[in-house]
Number of protein chains: 2
Amino acid sequence: MARKKSSNESGQTEAGPLRRAPMREFSRSLPMSLLRAREAVMRQFRPSLRNHGLTEQQWRILRALSAVDEIEVTELAHVAFLLGPSLSRILRDLEARQLIERKAAETDARRAVVSISAKGLKLIEAVAPTSEAIYAEITRRYGARKLAELQEMLGALEAGLAGMNSADEAELEADE
Amino acid sequence: MARKKSSNESGQTEAGPLRRAPMREFSRSLPMSLLRAREAVMRQFRPSLRNHGLTEQQWRILRALSAVDEIEVTELAHVAFLLGPSLSRILRDLEARQLIERKAAETDARRAVVSISAKGLKLIEAVAPTSEAIYAEITRRYGARKLAELQEMLGALEAGLAGMNSADEAELEADE
DNA sequence: GGGAGATGATTAACATGTTAAGTAGATTTC
DNA sequence: GAAATCTACTTAACATGTTAATCATCTCCC
């Protein structure tokens with residue numbers, strides 16, 4: 001009866017002979033571990049955000065804006081960890097929904113200064129309690145101390161890889 | 001003077017009076033930590049993949065396929081941690097590039113069975129050395145032991161949050 | 001003070017994430 | 001054994017990720 005392959009993690013033991021030795025048990029690679037962990041966390045928040053008509057990134061932006069009086073777009077991109085083009089689109093939408101306000105910087109007409117609106121603050125206040133409750137439950141389940149330790153290790157990973165970029169790009173054959 | 005706020009991390013100390021107490025230092029939230037850590041890692045791999053005309057997700061799929069003889073689409077989605085629609089599109093493209101092959105399952109015409117082609121394997125072999133070297137360098141910088149510990153903690157986080165959505169969403173398998 | 005280059009932001013183009021709807025084939029139910 | 005239902009994808013529609021190109025300003029330097 002269709003004998004579905006069950007929910008075998010890797011699927012390789014039932015699938016016949018291996019073509020090659022697996023380079024690294026794929027699902028245990030660092031990028032996959034990070035991806036799955038983050039998805040497990042975000043899965044908790046998304047329904048609540050969605051109920052308020054917000055995506056994860058829109059929420060990040062409003063959160064960041066709620067902590068300052070105003071901020072320039074480039075710095076907002078840095079804080080909310082979004083690329084310029086994504087931020088541009090989202091700001092356009094949030095401005096159309098009147099959740100934020102935008103004006104040109106006085107000293108430099110290229111720069112735009114963004115701030116959250118009263119309506120935006122109201123939305124934040126509506127979402128925050130649920131969001132905080134979810135975060136508290138995650139902390140409770142995982143353990144506050146362990147969570148802090150995890151974040152420290154993540155920060156160390158990020159910092160340790162910071163200067164690694166320049167080394168490999170030149171090494172790769174470009175063949176032009 | 002609305003002077004430029006320099007590159008202050010949070011931007012709040014110079015930005016004037018806070019509108020509210022920050023709920024949680026935003027950039028230190030767990031989702032942000034995970035996002036930044038993963039991005040720091042992927043930033044190392046993307047240039048190499050790009051040189052071979054592959055995106056991160058396409059590489060995940062080929063990697064997963066290279067470890068098995070063949071696999072059904074649903075299980076591939078699970079292993080490569082991709083949603084169905086994304087996988088559908090990517091498989092269509094990879095098939096057009098003749099990097100994979102697809103056929104219908106014998107026992108169930110709804111199911112599709114996917115396998116990597118010789119050309120796909122060749123591509124894997126071309127990318128793997130650089131990829132392995134980058135992974136080795138990351139491991140060296142961070143420490144093999146610490147890396148294993150981090151992955152264990154990430155796994156524990158994922159596992160700990162597994163049953164948490166049943167609180168307000170749906171109970172998938174318990175009853176119906 | 002004007003042109004070359006740098007910078008901040010947006011737009012373009014393509015790939016993926018995410019949810020909803022659609023389709024074809026299988027399973028159940030009466 | 002045919003309709004109702006379920007299942008495995010696939011498409012559709014919209015939002016974001018990612019890189020390149022564009023546009024407007026700004027800075028530097030002669």
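The basis for the numbers below is simple: all heavy atoms, side chains too, and nothing from hydrogens, waters or symmetry mates. Here is how names work: the chains are called A, B, and so on, in the same order as the sequence lines, proteins then strands, and each is numbered from 1.
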**Q.** Nearest-nucleotide 5' precedence on DNA chain C, B:Q57 against A:R102
**A.** A:R102
Q: Would you mind classifying the nucleic acid contact of A:S88 as base, sugar-phosphate or nothing, using non-hydrogen atoms under 4.0 angstrom?
A: base
Q: Using heavy atoms to find the nearest nucleotide of DNA chain C for A:A112 and A:R46 separately, return the residue whose nucleotide is more 5′.
A: A:A112
(Q) Distance check needed: D:dG17 C1' versus A:L35 CG, whole Å only. (A) 13 Å
Q.
Whole angstroms only, please: what is the CZ-C1' distance between A:R110 and C:dT7?
A. 5 Å
Q. Do B:E149 and B:R145 sit within salt-bridge range, that is, some charged N less than 4.0 Å from a carboxylate O?
A. no
**Q.** Spacing of A:R50 atom CZ relative to C:dT18 atom P, expressed in whole Å
**A.** 12 Å
Q: Answer yes or no: does a side-chain N or O of B:R111 lie under 4.0 Å from OP1 or OP2 of D:dT7?
A: no
Q | Between P of C:dG8 and CG of A:L76, the distance in whole Å | A | 15 Å
Q. So which one's nearest nucleotide on DNA chain D is more toward 5', A:L87 or B:V73?
A. B:V73
Q.
So if I take every side-chain heavy atom of A:D108 and compare against D:dT18, D:dC26, C:dT19, which nucleotide ends up nearest?
A. D:dC26
Q: In whole angstrom, give the distance that lies between atom CZ of A:R60 and atom P of D:dT16.
A: 10 Å
Q: Measure from CD1 on B:I90 to P on D:dG17 and round the result to the nearest Å.
A: 16 Å
Q: Using a strict cut-off of less than 4.0 Å between a Lys/Arg side-chain nitrogen and an Asp/Glu carboxylate oxygen, indicate whether A:R140 and A:E137 qualify as a salt bridge.
A: yes
Q.
One thing to verify: whether B:E39 and B:R46 come together as a salt bridge, which I'm taking to mean a side-chain N less than 4.0 angstrom from a carboxylate O.
A. yes
Q.
Of the options C:dT11, C:dG17, C:dG25, whose atoms approach the side-chain atoms of B:L82 most closely?
A. C:dG17
Q | Whole-Å distance separating the CE atom of A:M42 from the C1' atom of D:dT16 | A | 13 Å
Q.
Measuring from the side chain of A:E39 (C-beta onward, heavy atoms only), which nucleotide among D:dC9, C:dT18, C:dT11 has the closest atom?
A. C:dT18
Q. Counting only side-chain N and O atoms of A:S86, is one of them less than 4.0 Å from OP1 or OP2 of D:dT16?
A. no
(Q) Quick check against the 3.5 Å criterion: does A:Q58 have a side-chain atom that pairs as donor or acceptor with the backbone of A:T55? (A) yes
Q.
Please give me the minimum heavy-atom distance between A:Q151 and B:S33, naming the atom from each residue.
A. OE1-OG, 2.8 Å
Q) Nearest to the side chain of A:R89, which nucleotide is it out of D:dA8, D:dT18, C:dA15? A) D:dT18
Q. Out of D:dT16, C:dG25, C:dG17, which nucleotide sits closest to the side chain of B:L83?
A. C:dG17
Q.
Just N and O in the side chain of B:T55: are any of them under 4.0 Å from OP1 or OP2 of C:dT16?
A. yes
Q: Mind calculating the distance between CD (A:E72) and P (C:dT7) to the nearest angstrom?
A: 15 Å
